Structures are given as C-alpha cells and as structure tokens.
> 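This is the structure I want to talk about, given as structure tokens.
As the structure is a computational prediction, the values presented were derived from the model and not from experiment. The figures here come from the full heavy-atom set of this structure, side chains too, leaving out hydrogens, waters and symmetry mates.
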Amino acid sequence: TAPVELRELLAVPDSRIGEALKRLMTYSGIKEGMLLQTCNRVEVYAVVDQVESGFSAVQEFLVDSHLSLSAEQLLPHLYWHSGDRTISHLFRVTSSLDSMVVGEPQILGQVKNAFRSALTHNASGVILNKLVKKAISVAKRVRSETRIAENAVSVSYAAVELAKKVFGNLSARTVMLVGAGEMAKLAAQHLINHGVRQVLLTTRDSFRARAVANRFEGYPVPFEEFRNEMARADIVICSTGASHYLISADDVQRAVRERMNRPIFLIDVSVPRNIDPAVRDVDNAFLFDIDDLEMHVEQNREERRAESVKAEAIAKEEVVTIQKWLQGLVVTPTIVALRRRAEEIKQAELARIMNRLNALSDQDRETVEGLASSIVNKLIHGSLVTLKSTAQSSNGPIYIDAARRFYDLESGDQLTEGEDPDDPLVRSETEPLDQEGRIHQLGTKEGSKFSQGSNR
C-alpha cells in the first residue's frame, strides 16, 4: 500500500538485520522484537510495556534506521495493530492470506527466516517465540486443510497445470522454446522443475539461443530448421516479437504425423499471436494462447478466494487458542510463587525433623520426604486449579490478588530466559501433582501487551 520508493528506503540489507534488531531492543519499553521483510512489506513485531509508547518507539526505530526518511514521509503509510489484531495479522501474513497472491508459498519461509534472525540476536523471547511458532503451525494447517495453494495463479505456472492435463506425468518430456521471452523462460523453468527432461531453444539470434540453451542445460536449434524439429518436442512454447504466424496448421499436422499421432501441446504467449489458431483443428494438437492461460489463472484465483474463507476461519480459531495462553501468563507468577513457598516450607520442616531422627535409614527418610511432598501437593492443589481456571475470567485478577494475600507471596517471580510457561507442571494444574513434589521455577516476562508498527 506504500509506494515502492518508500519501501526501498525501509528495506534493511540481510547483512545488517542483526544490527537493526539490536538497535530495536534499545528503545525504551520494547521487550521483544522481530523484523519481517519481503518484496512487498516491512513489518516490526514487538512485545512492549505500553501500547502507545510501543507504537512511538517502533516509529522512531524506523525513522532513525533510515536517515533519508522523515517521520512526515513515513507516518501516512504506516498501519498499526495491537493485541488480538496483531496476532490475527501475523497468522494471516504467515498463511499467505495477506499476500498480493493469496496462497503463495514464499511468505512462510520468509517468516521463518525473520524468526531465526530474532532468535539468533536474542531479540525474541517467551511471547514472540510462542506466537511465531503458532503462526507457522497455523500456516501449515491452512495448507493441509484447504486447497488455497493448489492452483496456479501465474500465467507461466498455468502452463504446467495445462501440460499435466494433456500428458499426466511430465517426466522425460521435451519442451521447445521458440523465442526467448521472459514468460516463456519462466514457463520452461516451471516445466523443468516438474520433470521435463530436455529443452530445445531457437531464436533468430543464434548467439542468444546458445546462451539461453546453456541456462537450461538444453540444445540450440537453428531458427530456419525449428519447424522440422518440432516433432521432437512434446511441448512447444512460442514467445517472439514477430508480427505474423510463425507456426501454421500444416507445420503442426506434419509434426503430429512424425510423432505417430502422439499428442503435442502448444502455448502461444506472443502478442500478436505467432501460432495460427487453425492449429486447434489438428487432431492430437492442443493449443492455448495468452487469453486461455489468463482465463485459467482467473478461475484458479476464484478457487483460491473460496478456499481463503476456510483459511480465515482456521486463523480466527487459532487466535482464540493463543488468547487463552496469553491470559494464562498473568496467573503464572502466582502459581510459581505459591509452589515455591510450599516447597520452601516443606524443605525447612524436613530439615528440622530429620535432625531429630538421625537413626532413620535412607529408605525411611525417602518415605518421610514422600509423605511431606504428598501432603503439601494435596493442600495447594485446589488453589492451583482454581487460579488456573479463573485466570481467563473477568474475576481472574481478584482471585490472583487474594491468593497472594492469603499465602503472603512475594511478587515479581519472572521467567528465566529459555524457560517456557507451557511447561506441563504449570499448564496442567488440573492434574494431580507428582508425589515427589518437583517444583519447576517458572514465571512470566514483563510486558503482556503487543504492538506492531509496520509498513508495506
């Protein structure tokens, strides 16, 4: 949505991504960050203390990182999301629902690369780790449960789909390029990627023919002889600047006869056309021009649009899952503090009683310790279940505050780097605690709000 001149200014070279991320993390209030760049977007995802100050910090970062860009130039082209809308946006971007070509596969790899850079440079933490991993999971689910990426939406790739309809399997097929237009070369590359074995190429410029043929590890054919060589080709792609027909119905009829009536597939992407439309009347010859390809692409776009409705529903459903996880983070420090307090009391009482029971065997000591753990776990289990189940309700903060007051808990228990609030001992409080009373030191990082300042 922003002019390409502005997007060019915002792009950060790969060699400077690490430097940019480190600079982003120096801005006040930014706890975690990730920089996503593609050919059509530059986006900053951040976990912040406060949303409004977070937006300001991201804007300053974008301006400060590009000396040739002023805030006045940048601001009109920014879009901003916070909270649930940020999560939804990330899921839609990663699933290619926000791409110029819906369903294109490149964006998933680009998000993975952006996340890898954030991890490498210690910019991503507990929250972004969870969100981006979930976004990648959502994208994979969208691709497995919908047909959003199955149909070609580029003219060059449509040639592959149509060729498959004619031949089924493209392995061991031969393609001939008549002319070396960009669309023809793209189509040839797609065909090679799908198994085409050999490329023949002819142009009026023999030097260029050899150069392009080498690119595809193919063979140049003298322009004056290509009609006689067409029988060798299963697929013929014509893309030249000629103003008249280069291939006639008689040329194709002769090629089919030499091929013992095996089918030949012809694609004319030239404007004006270079293959006589009368070729459509030749038995076992299948001709498609640029209009045919674009019609096929438009049909595929419609199918992708229909599938995108299913994909949007998947993304929306997964946002709810993440919302619950984020709400659970609020109660995690209290759960950690309560279990830690219980463990401290247990250990202190065990140490006191063990000093009086020197004659106990090792087995008896383990029995006493197990009894103490069992009593402690059963005493706090009900409180932990209540805290966990009410965290997502409107009364959650009241229960959390009451628990801290009743048990005289210290505030500020934090997640240590690398620890995960999804650990089973924090996540599954509805299950009985283990009899050994193991305590995992878990908490939450500061900052439970999100901001994303971004520019396409």
Side-chain angles (χ1 to χ4, degrees), residues 28-32 47-51 53-54 83 124-131 321-355 366 368-450:
S28 176
I30 292 185
K31 302 299 182 182
E32 303 177 32
V47 180
V48 301
D49 282 335
Q50 298 292 332
V51 170
S53 60
S124 181
V126 171
I127 293 175
L128 270 183
N129 288 354
K130 179 72 173 183
L131 291 183
T321 302
I322 282 293
Q323 286 172 332
K324 292 180 179 178
W325 178 82
L326 290 169
Q327 289 166 350
L329 285 183
V330 177
V331 76
T332 301
T334 301
I335 291 174
V336 169
L338 176 52
R339 297 181 68 175
R340 185 174 291 154
R341 171 59 59 83
E343 177 71 3
E344 289 171 353
I345 293 172
K346 183 193 78 172
Q347 293 295 346
E349 291 303 309
L350 280 174
R352 185 174 63 83
I353 197 66
M354 290 301 184
N355 287 335
E366 288 181 8
V368 173
E369 290 176 1
L371 175 63
S373 295
S374 180
I375 292 171
V376 168
N377 290 342
K378 287 179 180 179
L379 280 174
I380 68 172
H381 180 62
S383 299
L384 295 178
V385 170
T386 300
L387 284 170
K388 193 70 173 178
S389 62
T390 59
Q392 297 164 18
S393 71
S394 58
N395 293 326
I398 298 174
Y399 279 90
I400 293 170
D401 184 62
R404 286 194 169 273
R405 289 173 180 270
F406 291 158
Y407 291 103
D408 189 26
L409 303 178
E410 295 290 335
S411 61
D413 292 275
Q414 302 282 308
L415 269 182
T416 306
E417 285 300 323
E419 292 183 321
D420 187 351
D422 261 351
D423 187 284
L425 289 181
V426 173
R427 187 180 67 244
S428 304
E429 294 302 342
T430 53
E431 297 297 324
L433 301 180
D434 62 67
Q435 292 186 352
E436 295 179 9
R438 289 189 294 265
I439 301 295
H440 280 221
Q441 308 301 317
L442 296 174
T444 179
K445 286 191 96 171
E446 290 181 359
S448 58
K449 297 180 180 179
F450 311 88

> Got a donor-acceptor contact below 3.5 angstrom from the Ser374 side chain to the Gly370 backbone?
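Absent.
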> Does the side chain of Arg341 reach to within under 4.5 Å of the side chain of Ile380, using non-hydrogen atoms?
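No, their side chains stay 4.5 Å or more apart.
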> Rounded to the nearest 0.5 Å, what separation is found between the CD1 atom of Ile127 and the CD atom of Glu32?
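Rounded to the nearest 0.5 Å, the CD1-CD separation comes to 5.5 Å.
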> Any idea which heavy atoms bring Ser124 and Asn129 closest together, and the distance?
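Between these two residues, the closest heavy atoms are OG-OD1, 2.5 Å.
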> For a 4.5 angstrom cut-off between non-hydrogen side-chain atoms, does Leu409 reach Thr334?
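Yes. Closest side-chain heavy atoms under 4.5 Å.
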> Which residues pass the side-chain contact (heavy atoms from CB on, under 4.5 Å) test with Arg352, sequence neighbours left out?
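Once residues adjacent in sequence are excluded, the partners of Arg352 under the side-chain contact (heavy atoms from CB on, under 4.5 Å) criterion are Glu349, Arg356.
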> CD1/Ile345 to CZ/Arg340 distance, rounded to the nearest 0.5 angstrom?
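Separation between the atoms: 13.5 Å.
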> In Å, rounded to the nearest 0.5 Å, how long is the span from CG of Leu379 to NZ of Lys346?
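Answer rounded to 0.5 Å: 12.5 Å.
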> State, with a plain yes or no, whether a side-chain heavy atom of Arg339 is found less than 4.5 Å away from one of Glu343.
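Answer no - side chains too far apart.
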> Looking at CG of Asp408 and CG of Leu338, how far apart are the two atoms once the value is rounded to the nearest 0.5 Å?
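Between atom CG of Asp408 and atom CG of Leu338 there are 12.0 Å.
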